[in-house]
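Proteins come first, then strands; the chains are lettered A, B, ... in the order of their sequence lines, and each starts at number 1. On a predicted model such as this, the values are computed, not experimentally measured, just so you know.
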Amino acid sequence: MAQMTMIQAITDALRTELKNDENVLVFGEDVGQNGGVFRATEGLQAEFGEDRVFDTPLAESGIGGLAIGLSTQGFRPVPEIQFFGFVYEVMDSISGQMARMRYRSGNTMHAPVTIRSPFGGGVHTPEMHADSLEGLMAQQPGLKVVIPSNPYDAKGLLISSIRDNDPVIFLEHMKLYRSFRDEVPEEAYEVELGKAKVAREGNDVTLIAYGAMVQASVKAAEELEKDGVSAEVVDLRTISPLDIDTIVESVKKTGRVVVVQEAQRQAGIASQIVAEIQERAILHLEAPVLRVAAPDTVYAFTQAEEVWLPNHNDIVEKVNDVINF
Amino acid sequence: MTKHTELGLSEEEVLDMYRIMLTARRVDERMWLLNRAGKIPFVVSCQGQEVQQVAASFALNREKDYTAPYYRDVGVVLALGMSIKELMLQAFAKAEDPNSGGRQMPGHFGSRKLRMLTGSSPVTTQVPHAVGVGLACQMNNDDAIAFVTLGEGSSNQGDFHEGANFAAVHKLPVIIMVENNQYAISVALNEQVACEKISDRAIGYGMHGETVDGNDPFAVYRSVKQAADRAREGSGPTLIEAVSYRLTPHSSDDDDRTYRSEEEVKQAKEKDGLISFREYLIAHNILTEENEKEMEQTIKSLIDEATDYADAAPYASPDTLFDGVYQ
């Protein structure tokens with residue numbers, strides 16, 4: 001076992017799959033010689049050659065279209081979109097094309113593409129470089145949307161995504177890239193898509209989160225413990241399809257829920273989870289399900305970022321509301 | 001030397017080309033009748049473009065090459081081996097339609113068996129897809145090429161630029177054929193582009209470009225054949241503009257009298273490539289009164305049969321709603 005940051009675990013997953021399957025291709029803007037603007041693909045071109053790890057022109061829609069064409073011929077493209085805020089340039093390729101290839105071809109064609117992209121706030125990058133746009137992706141049937149919260153899951157989830165026969169949007173929170181290390185096995189392993197994980201067990205309240213908000217939730221849980229409140233943290237890991245069973249199981253145990261998302265409040269994943277909980281477990285609830293989310297503005301400018309982003313204090317506050325309801 | 005022998009085309013081949021062009025025209029005409037009779041929901045027509053579609057397809061290796069046709073390409077898909085029955089099944093949007101099982105608009109062709117990518121409604125998405133297939137051919141050391149078509153209106157989309165640029169940078173075996181029919185639904189060519197020819201854009205990508213008369217099957221065949229040869233020998237992509245005219249309204253829901261004169265359409269009909277090709281074949285005794293009559297009758301009976309079959313075929317069951325969303 002090695003100690004790895006999340007970015008190292010991601011590079012390791014790419015290396016593992018480039019080695020395991022000659023049909024895996026890595027491409028995008030600056031991913032070749034430069035190794036990616038966040039160094040996620042560092043050393044891969046030197047190791048696997050320019051045919052399998054290559055730079056593309058600055059053209060996101062073209063990158064998406066290229067990946068689709070390649071995937072119909074048996075390749076497993078793993079393109080990078082440099083910042084997820086640039087996804088609007090490639091929305092048609094993702095939501096209009098690759099997500100629907102299987103459906104509209106009557107199951108005769110499919111697009112096993114894994115799009116990797118950094119996203120998320122807290123590193124002082126302004127709008128278009130920090131936006132949480134996973135909700136847009138989760139609304140598209142045919143896509144899977146995966147967001148790891150730690151290095152171990154990042155490697156296993158990325159390997160599973162590349163091996164999956166449907167298109168996967170794999171979102172990497174920038175703040176998690178180098179914020180801590182984890183034990184990461186050197187061999188290939190999969191973490192199943194569509195399965196949440198109980199990151200911390202508890203009995204009084206359930207915190208449901210993903211990405212960087214898992215850490216914020218764990219930190220909140222640790223503080224709550226000092227006040228005698230036992231909080232369970234569910235790390236979704238995949239936001240589409242959602243692991244409703246794990247969510248409902250936890251809700252039935254605690255009867256109180258706070259859903260945490262970094263994205264703006266309006267029409268987000270948290271709203272979906274609240275709806276699912278009230279449809280499936282309303283009689284188990286002791287209080288309304290509350291949300292912690294960012295305000296409904298464009299991503300904040302740097303001076304307002306700390307105010308804008310949800311943090312562990314916001315979570316503790318909402319937990320107290322559901323406990324004292 | 002005649003025009004066809006000069007290109008190495010036999011009498012059988014040119015007659016076969018004509019038969020497929022005529023089939024495309026007759027299928028299209030039937031679809032309009034079926035639409036007006038309330039039998040099928042929508043038609044988007046190939047009329048006026050059959051000559052270039054079929055001539056270009058014959059210049060490909062139809063056993064091996066990949067295509068990404070656009071919604072007017074009835075001539076292309078017939079030349080590649082799609083049957084009249086299959087065309088009718090997609091027009092009726094029936095479950096047995098091999099293109100999409102009735103899940104897409106008509107004219108959105110796709111067939112794994114015929115190495116034809118599935119297309120979709122936002123125009124020009126097929127260009128970068130075909131470029132991806134071209135890259136796959138290059139990486140697999142497969143000497144197949146990717147042939148992609150689009151309308152001249154589509155050549156203004158970002159995907160045209162992004163795909164063409166990538167194909168040129170990597171010298172990919174791709175042929176991009178713009179079927180310039182003069183109109184993007186209602187917008188005439190001079191309001192779509194400022195350049196004299198769509199093929200003028202090729203130089204900007206660093207690829208070979210040329211404009212040919214889309215009503216001249218020999219000019220189109222020569223141009224696509226040369227492009228295919230260049231692509232196979234590693235000299236990269238080509239942009240071909242085939243110029244003709246859209247003889248029908250954009251679709252069965254469009255009224256073209258609001259944006260072009262009947263006189264203009266009438267004049268274009270006189271230049272219909274199907275007429276001049278027929279005259280050529282008659283002049284060279286390839287098409288005779290006798291075999292023409294037989295050809296028309298055979299096509300008609302195949303269309304009748306296909307229409308009856310598709311009309312009677314079942315629609316997709318709502319039970320299949322979730323099929324193909326995920327594996």
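In terms of non-hydrogen atom pairs under 4.5 Å with chain B, the most contact-rich of A:Ser105, A:Ser61, A:Gly106 is A:Ser61. Looking only at heavy-atom pairs under 4.5 Å with chain B, the residue among A:Gly142, A:Gly62, A:Ala59 that has the most is A:Gly142. If you tally non-hydrogen atom pairs under 4.5 Å between each of A:Asn165, A:Ile63, A:Leu66 and chain B, the highest count goes to A:Leu66.
Looking at every heavy atom in both residues, B:Val325 comes nearest to A:Pro141 through CG1-CB, 4.0 Å. Pairing each heavy atom of A:Tyr103 with each of B:Asp323, the nearest pair is CD1-O, 3.2 Å. The shortest heavy-atom contact between B:Met139 and A:Leu25 is CE-CD2, 3.4 Å. Across every non-hydrogen atom of A:Pro57 and B:Phe166, the tightest pair is CD-CD1, 3.4 Å.
Among residues 85-94 of chain A, the residues having any heavy atom closer than 4.5 Å to a heavy atom of chain B are, in sequence order, A:Asp92. Contacts between residues 158-165 of chain B and chain A, defined by a heavy-atom separation under 4.5 Å, are made by B:Asp159, B:Glu162, B:Asn165. For residues 114-130 of chain B, a heavy-atom distance under 4.5 Å to chain A picks out B:Met116, B:Leu117, B:Thr118, B:Gly119, B:Ser120, B:Pro122, B:Thr125, B:Pro128, B:His129, given by residue number.
For the residue pair B:Gln327/A:Asp166, the side-chain donor-acceptor check at 3.5 Å is not satisfied.
Within the 4.5 angstrom heavy-atom criterion, no atom of B:Leu172 approaches chain A.
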Scan the side chains in residues 85-93 of chain B for donor-acceptor partners under 3.5 Å anywhere in the protein, sequence neighbours excluded, and list what turns up.
from: B:Glu86; atom 1: OE1; to: B:Ser83; atom 2: N; distance (Å): 2.9
from: B:Glu86; atom 1: OE1; to: B:Ser83; atom 2: OG; distance (Å): 3.4
from: B:Gln90; atom 1: OE1; to: B:Gly107; atom 2: N; distance (Å): 2.7
from: B:Gln90; atom 1: NE2; to: B:Leu87; atom 2: O; distance (Å): 3.0

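A distance of 12.5 Å separates CZ of A:Arg104 from CZ of B:Arg103, quoted to the nearest 0.5 Å. Atom OH of B:Tyr66 sits about 4.5 Å away from atom CD of A:Gln73, to the nearest 0.5 Å. A distance of 6.5 Å separates CG of A:Leu143 from OH of B:Tyr326, quoted to the nearest 0.5 Å.
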- Please report the C-alpha distance between A:Met109 and B:Arg112 in whole Å, then the side-chain angles of each, then the deciding distance to 0.1 Å, and finally whether the side-chain contact (heavy atoms from CB on, under 4.5 Å) criterion is met. CA-CA 7 Å; A:Met109 293 178 209; B:Arg112 167 70 66 188; 3.7 Å; yes

- In sequence, state the C-alpha distance, the side-chain angles, and the governing distance for A:Phe75 and B:Asn140, and then conclude on side-chain contact (heavy atoms from CB on, under 4.5 Å). CA-CA 10 Å; A:Phe75 287 97; B:Asn140 290 332; 3.4 Å; yes

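Contact annotation: the side chain of B:Leu135 approaches that of A:Phe54 to within less than 4.5 Å [non-hydrogen atoms, C-beta and beyond].
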